[in-house]
There are 2 protein chains.
Amino acid sequence: MAGRQARKNIPQRASGPALWASVGARVRDRERKRDAVIMTAARAFRERGYHNTSLDDIASELNVTKPTVYHYVENKEQLLFECFRAGLKLIMDGIEEQRESTTTGRERLAAVISRYAEAITSDFGWCMVQAENQDLSPAMSRKVKALKSEIDQGLRSLIRAGVDDGSIRPCDEKMTAFALAGALNWIAHWYRSDDQLAAAEIAHRFIELFEQGLQPR
Amino acid sequence: MAGRQARKNIPQRASGPALWASVGARVRDRERKRDAVIMTAARAFRERGYHNTSLDDIASELNVTKPTVYHYVENKEQLLFECFRAGLKLIMDGIEEQRESTTTGRERLAAVISRYAEAITSDFGWCMVQAENQDLSPAMSRKVKALKSEIDQGLRSLIRAGVDDGSIRPCDEKMTAFALAGALNWIAHWYRSDDQLAAAEIAHRFIELFEQGLQPR
DNA sequence: GGCTAAATATACTCGCGGGTAAATTAGAGC
DNA sequence: GCTCTAATTTACCCGCGAGTATATTTAGCC
């Protein structure tokens with residue numbers, strides 16, 4: 001069939017469509033396939049936006065048809081949520097990681113910023129940032145809000161810790177956390193993966209700016 | 001008719017639906033009406049998002065039918081663009097305003113930040129931030145990109161000026177501008193107009209943070 | 001090699017919403 | 001009061017895309 005033939009010619013990106021590329025190579029690991037669906041969706045959402053990406057699009061990028069996608073995920077909203085959660089987890093891990101650290105609050109905050117930048121520049125970055133309440137059902141919206149709030153609280157408590165240990169100048173922790181999160185989240189809007197600038201480099205410059213400030217010392 | 005009666009009961013918000021509220025009060029000024037359409041769209045987009053707002057929604061908020069909206073605006077995309085432009089103009093004005101100022105670069109930058117925050121918290125703020133290329137035709141996308149770039153260049157040149165006159169510590173102006181714009185744009189994501197926090201207050205805290213930095217001096 | 005369950009595909013439904021053609025109403029000028 | 005234009009409405013079209021009912025294939029298992 002023409003269909004079959006066409007499928008073989010699809011370029012095989014890492015960990016994505018390759019899973020389904022040839023019938024013989026199909027792996028039966030359900031988890032893996034589900035992850036591939038989510039990953040592909042994340043990339044598609046990032047490139048074309050949530051509303052401009054149909055499930056048919058995602059399916060065809062996976063060399064599969066729409067009902068197959070529905071076999072791994074309840075609906076489109078859930079798909080967005082999974083992308084969101086995957087990205088958010090990267091950040092949460094970064095924050096968690098610093099819990100047992102014994103360095104100053106400022107240093108721990110800097111470490112979290114680095115991980116945050118890493119997460120935002122990942123395939124899931126865009127979804128994390130764009131998963132607005134507007135596109136979600138009330139129930140989902142609540143979940144997303146709660147998760148986002150965890151990140152916010154994590155940042156604030158690091159700032160507070162820094163103020164307490166003297167490594168951070170006393171400041172409005174809420175506004176500071178918002179400014180930080182804003183600058184970081186915004187990366188998703190301008191970052192292109194083919195950019196020369198690596199996440200680590202961006203994080204480094206941001207840390208310097210936020211720590212030192214614009215005014216000469 | 002029941003339709004007419006219902007219209008009279010619509011609450012009349014400032015400068016919006018009131019224009020059409022009663023037949024007798026209809027103003028013939030085309031400009032004014034067009035502006036009302038744009039304003040109403042901006043509010044709706046902010047509340048429910050671009051894709052979740054239909055032109056029927058906007059029309060009905062104006063106590064009018066969809067074709068009337070089309071009488072003032074070519075299509076939905078154009079409508080988003082107009083909202084975007086209206087918001088952007090506020091910022092451009094702020095930058096322009098500082099061109100003839102003779103103060104230091106850092107002070108001028110602070111002034112622009114204030115105006116920026118003001119613009120972002122306005123009804124048009126959300127549209128400005130959300131008018132992503134993804135939802136726009138290639139032609140529109142180019143226009144939006146060009147306008148956004150103007151803002152970016154404005155910020156960078158202020159930073160450069162500050163570095164030159166010694167009021168700003170030498171830094172990567174591109175990353176600094178991105179961080180600033182990010183923090184400011186992000187306001188649109190969390191700001192609610194009924195918030196106690198006024199734009200001026202937010203701007204003030206942001207300026208302090210960006211100027212002084214987190215590290216104690 | 002036949003049985004069963006999971007995986008995938010075919011072939012639909014259906015509503016929403018952008019956009020429009022054609023009629024109707026309002027109003028300015030005479 | 002008539003006419004002509006601008007403003008507005010009624011009543012549509014139509015495509016896209018989310019979601020699904022049903023058939024078919026695949027693969028593990030005895």
Side-chain angles (χ1 to χ4, degrees), chain A residues 1-7 10 17 19-37 40-41 44-45 48-81 134-137 140, chain B residues 1-4 6-7 17 19-37 40-41 44-45 48-81 134-137 140:
Chain A
M1 276 240 159
R4 293 267 166 202
Q5 204 160 15
R7 274 175 205 166
I10 295 276
L19 274 176
W20 275 282
S22 82
V23 177
R26 275 182 196 162
V27 191
R28 62 234 73 76
D29 189 350
R30 207 187 147 85
E31 281 299 309
R32 269 257 208 62
K33 288 184 182 177
R34 186 180 147 95
D35 286 350
V37 169
T40 303
F45 290 158
R48 299 188 295 278
Y50 179 68
H51 292 280
N52 301 315
T53 303
S54 73
L55 288 181
D56 279 316
D57 289 344
I58 293 167
S60 99
E61 267 171 59
L62 286 161
N63 309 116
V64 138
T65 56
K66 186 165 52 177
T68 299
V69 172
Y70 274 96
H71 192 254
Y72 291 97
V73 111
E74 294 94 281
N75 51 38
K76 196 181 179 183
E77 183 191 30
Q78 181 75 28
L79 196 46
L80 177 60
F81 178 73
Q134 300 162 337
D135 301 325
L136 302 169
S137 65
M140 271 295 173
Chain B
M1 289 277 122
R4 294 266 163 201
R7 275 175 204 166
L19 276 175
W20 276 279
S22 84
V23 179
R26 277 183 194 161
V27 192
R28 62 237 72 78
D29 188 351
R30 207 186 147 87
E31 282 299 308
R32 270 255 209 61
K33 288 186 183 175
R34 185 180 149 96
D35 286 350
V37 169
T40 304
F45 290 159
R48 298 189 296 277
Y50 179 67
H51 291 280
N52 301 315
T53 304
S54 73
L55 288 180
D56 279 316
D57 289 343
I58 293 167
S60 99
E61 268 171 59
L62 286 162
N63 310 116
V64 138
T65 56
K66 187 167 51 175
T68 300
V69 172
Y70 275 97
H71 193 252
Y72 291 97
V73 111
E74 294 94 281
N75 51 37
K76 197 180 179 184
E77 183 191 32
Q78 181 75 27
L79 195 46
L80 177 59
F81 179 73
Q134 299 163 339
D135 302 324
L136 302 169
S137 65
M140 271 299 172

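Everything numeric in this text was worked out from a predicted model, so none of it was measured. Residue numbers start from 1 in every chain, and the chains themselves are labelled A, B, ... in the order their sequence lines are given, proteins ahead of strands.
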Colleague: Just to verify, what does Phe81(B) make a ring-ring contact (aromatic ring centres under 6.0 Å, His included) with, not counting sequence neighbours?
Modeller: none
Colleague: Kindly point out which of dA18(D), dG17(C), dA7(D) is positioned nearest to the side chain of Ser54(B)?
Modeller: dG17(C)
Colleague: Between atom CZ in Arg48(B) and atom P in dC16(C), what is the gap in whole Å?
Modeller: 15 Å
Colleague: Identify the two heavy atoms, one from Leu55(A) and one from Tyr70(A), that lie closest to each other, and give their separation to 0.1 Å.
Modeller: CD1-OH, 3.1 Å
Colleague: Partners of Asp35(A) by side-chain hydrogen bond (donor to acceptor under 3.5 Å, both in side chains), sequence neighbours excluded?
Modeller: none
Colleague: Output all residues satisfying side-chain hydrogen bond (donor to acceptor under 3.5 Å, both in side chains) with Asn75(B), sequence neighbours left out; order by chain, then residue number.
Modeller: none
Colleague: Quick one: Asn75(A) CG to dG17(D) P, roughly how many Å, whole number?
Modeller: 17 Å
Colleague: Look at the side chain of Tyr70(B) and decide which nucleotide, out of dA7(C), dT9(D), dT20(C), has an atom nearest to it.
Modeller: dT20(C)
Colleague: Tell me every residue that passes salt bridge (charged side-chain N to carboxylate O under 4.0 Å, His left out) with Lys66(B), counting only those two or more places apart in sequence or in another chain.
Modeller: Asp56(B)
Colleague: Can you tell me the distance, in whole Å, between the CG atom of Leu80(A) and the C1' atom of dA18(D)?
Modeller: 15 Å
Colleague: Supply the atom-to-atom distance Thr68(B) OG1 to His71(B) NE2, rounded to the nearest 0.5 angstrom.
Modeller: 8.0 Å
Colleague: Whole angstrom is fine here: how far is it from CZ in Arg34(B) over to P in dT8(D)?
Modeller: 14 Å
Colleague: OP1 or OP2 of dA9(C) sitting under 4.0 Å from any side-chain N/O of Thr65(A)?
Modeller: yes
Colleague: Can you tell me how far C1' of dG18(C) sits from CG of Asp135(B), to the nearest Å?
Modeller: 14 Å
Colleague: Between Ile58(A) and Leu79(A), which heavy-atom pair has the shortest distance, and what is it?
Modeller: CD1-CD2, 3.9 Å
Colleague: Rounded to the Å, how far apart are Ile58(B) CD1 and dG18(C) C1'?
Modeller: 12 Å
Colleague: Distances under 3.5 Å between protein N/O atoms and the N/O atoms of nucleotides 21-24 of chain C, please, pair by pair.
Modeller:
none

Colleague: Does the Asp57(A) side chain pair with the main chain of Ala44(A), one donor and one acceptor, at a distance under 3.5 Å?
Modeller: no
Colleague: Distances under 3.5 Å between protein N/O atoms and the N/O atoms of nucleotides 12-16 of chain D, please, pair by pair.
Modeller:
none

Colleague: Can you tell which of dG19(C), dT9(D), dA7(D) lies closest to the side chain of Lys76(B)?
Modeller: dG19(C)
Colleague: May I ask you to evaluate whether Arg30(A) reaches the phosphate of dA6(C), defined as a side-chain N or O under 4.0 Å from OP1 or OP2?
Modeller: no
Colleague: For Asp56(A) and dT8(C), what is the distance between atoms CG and P respectively, to the nearest whole Å?
Modeller: 16 Å
Colleague: Could you check which of dA7(C), dT9(D), dA7(D) has an atom nearest any side-chain atom of Tyr72(A)?
Modeller: dA7(C)
Colleague: Take Glu74(A) and Asn52(A), find for each the nucleotide of DNA chain D with the closest heavy atom, and name the residue whose nucleotide sits nearer the 5' end.
Modeller: Asn52(A)
Colleague: Whole angstroms only, please: what is the CD-P distance between Glu31(B) and dA7(D)?
Modeller: 11 Å
Colleague: Shortest non-hydrogen contact from Lys76(A) to Tyr50(A)?
Modeller: NZ-O, 3.0 Å
Colleague: Okay, side chain of Glu77(B), backbone of Ser137(B): is any donor-acceptor separation there less than 3.5 Å?
Modeller: yes
